Amino acid sequence: MPIASLNHAVLFVRDSEKSAAFYEEVLGFRRVGAFPGAVFMQAAGSSNDHDLGLFSVGEAAGASTAGRQSVGLYHLAWEVDTLAELESLAVALSERGAMVGATDHGTTKGVYGRDPDGIEFELTWLVPADRLPEASAWTSRALDFEKEKERYGADTRGGVGVSHPAPVA
């Protein structure tokens with residue numbers, strides 16, 4: 001049975017309320033449930049019962065060493081519909097001091113941020129399948145929003161769930 005998509009992610013954070021406020025204020029998630037020490041959130045464009053669960057482990061919790069001293073998750077990536085939305089989120093992250101970087105991966109355009117506990121995430125816009133070059137290659141270079149908006153249009157809907165050309169028969 002093939003997996004179709006990621007339904008939700010659950011993160012251990014120092015303070016679920018503080019983290020929930022960040023995801024709400026910066027990324028537009030909404031609270032859909034809670035109990036002491038846990039908050040469940042839904043992305044604005046989602047039909048999932050929740051997309052993100054946040055569980056408090058306490059302020060004394062140490063930072064994750066994943067990728068530096070231990071194995072673990074590097075980041076989650078959430079899709080946005082347009083380059084204009086991606087740019088707007090980049091501004092919101094920058095204003096909050098939570099921006100890590102912005103990368104042009106060729107078939108996707110990504111903005112990276114960190115939440116209050118330093119957990120990294122990506123916000124990504126996928127080049128529409130009909131706009132992908134015949135031989136797309138994954139790249140990693142600085143994202144130039146103006147150039148990409150000129151190329152694809154600021155309000156062009158991304159190829160949701162498609163980040164590579166369809167196989168040639």
Side-chain angles (χ1 to χ4, degrees), residues 5-34 39-55 63-64 66-67 72-132 136 138-164:
S5 65
L6 178 66
N7 181 270
H8 67 270
V10 177
L11 305 176
F12 289 114
V13 296
R14 289 181 182 91
D15 180 333
S16 59
E17 288 296 327
K18 180 179 176 183
S19 291
F22 172 85
Y23 284 99
E24 200 169 38
E25 295 164 10
V26 179
L27 301 183
F29 279 73
R30 61 183 165 266
R31 295 165 191 248
V32 292
V39 177
F40 299 91
M41 306 191 82
Q42 184 183 56
S46 174
S47 61
N48 292 333
D49 68 341
H50 73 284
D51 295 290
L52 184 61
L54 302 167
F55 285 77
S64 171
L73 182 67
Y74 170 33
H75 70 258
L76 303 169
W78 288 296
E79 294 178 22
V80 299
D81 285 336
T82 68
L83 282 167
E85 290 172 355
L86 186 64
E87 186 175 35
S88 174
L89 289 166
V91 169
L93 288 169
S94 292
E95 289 173 348
R96 191 76 179 239
M99 180 81 159
V100 174
T103 305
D104 177 353
H105 293 297
T107 60
T108 65
K109 314 304 173 187
V111 168
Y112 295 83
R114 284 197 182 99
D115 76 3
D117 288 300
I119 298 171
E120 192 165 323
F121 56 85
E122 178 182 1
L123 306 167
T124 187
W125 180 78
L126 287 66
V127 175
D130 64 347
R131 303 285 299 273
L132 289 170
S136 343
W138 187 86
T139 63
S140 186
R141 58 183 172 255
L143 176 57
D144 180 337
F145 276 107
E146 293 309 312
K147 177 181 156 195
E148 297 305 322
K149 288 188 302 184
E150 185 176 306
R151 181 176 181 184
Y152 297 109
D155 297 315
T156 299
R157 280 190 48 89
V160 179
V162 179
S163 63
H164 55 81

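Remember, it's a predicted structure, so these values are computed and weren't measured experimentally.
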- Ser94 side-chain N/O to Ala90 backbone N/O, donor-acceptor pair under 3.5 Å: yes
- Query: Is the backbone N or O of Lys18 less than 3.5 Å from a side-chain atom of Asp15, with the two atoms forming a donor-acceptor pair by type?
  - Reply: yes
- Message: Do the side chains of Lys147 and Glu150 get close enough for a salt bridge, i.e. N-O under 4.0 angstrom?
- Response: no
- Task: Using a strict cut-off of less than 4.0 Å between a Lys/Arg side-chain nitrogen and an Asp/Glu carboxylate oxygen, indicate whether Glu17 and Arg31 qualify as a salt bridge.
- Result: yes
- Task: Would you give the length of the straight line joining atom OG of Ser88 to atom CZ of Phe145, rounded to the nearest 0.5 angstrom?
- Result: 9.5 Å
- Task: Report yes or no: does Asp117 contribute a side-chain atom to a donor-acceptor pair with the main-chain N or O of Val13 at less than 3.5 Å?
- Result: no
- Message: With rounding to the nearest 0.5 angstrom, report the CD1 to CG distance, Ile119 to Leu73.
- Response: 9.0 Å
- Query: Has the side chain of Arg131 got a donor or acceptor atom that lies under 3.5 Å from a matching backbone atom of Arg151?
  - Reply: yes
- For Trp125 and Asp81, indicate whether the former's side chain and the latter's backbone hold a donor-acceptor pair under 3.5 Å. yes
- Partner set under salt bridge (charged side-chain N to carboxylate O under 4.0 Å, His left out) for Glu148, not counting sequence neighbours: Lys109
- Message: How long is the straight-line distance from CG of Asp51 back to CZ of Phe40, given to the nearest 0.5 Å?
- Response: 12.5 Å
- Answer yes or no: is there a donor N or O on one side and an acceptor on the other, between the side chain of His105 and the main chain of Thr139, under 3.5 Å? yes
- CG (Asn48) and CE (Met41) are apart, to the nearest 0.5 Å, by 14.0 Å
- Can you say whether the rings of Trp78 and Phe121 are parallel (under 30°), tilted (30 to 60°) or perpendicular (over 60°)? tilted
- Message: How about CZ on Phe12, more than 12 heavy atoms from neighbouring residues, nucleotides or ligands closer than 6.0 Å, or not?
- Response: no
- Message: Donor-acceptor check, side chain of Ser46 to backbone of Gln42, threshold 3.5 angstrom: yes or no?
- Response: no
- Item | CG on Asp115 to CG on Leu93, rounded to 0.5 Å | 10.5 Å
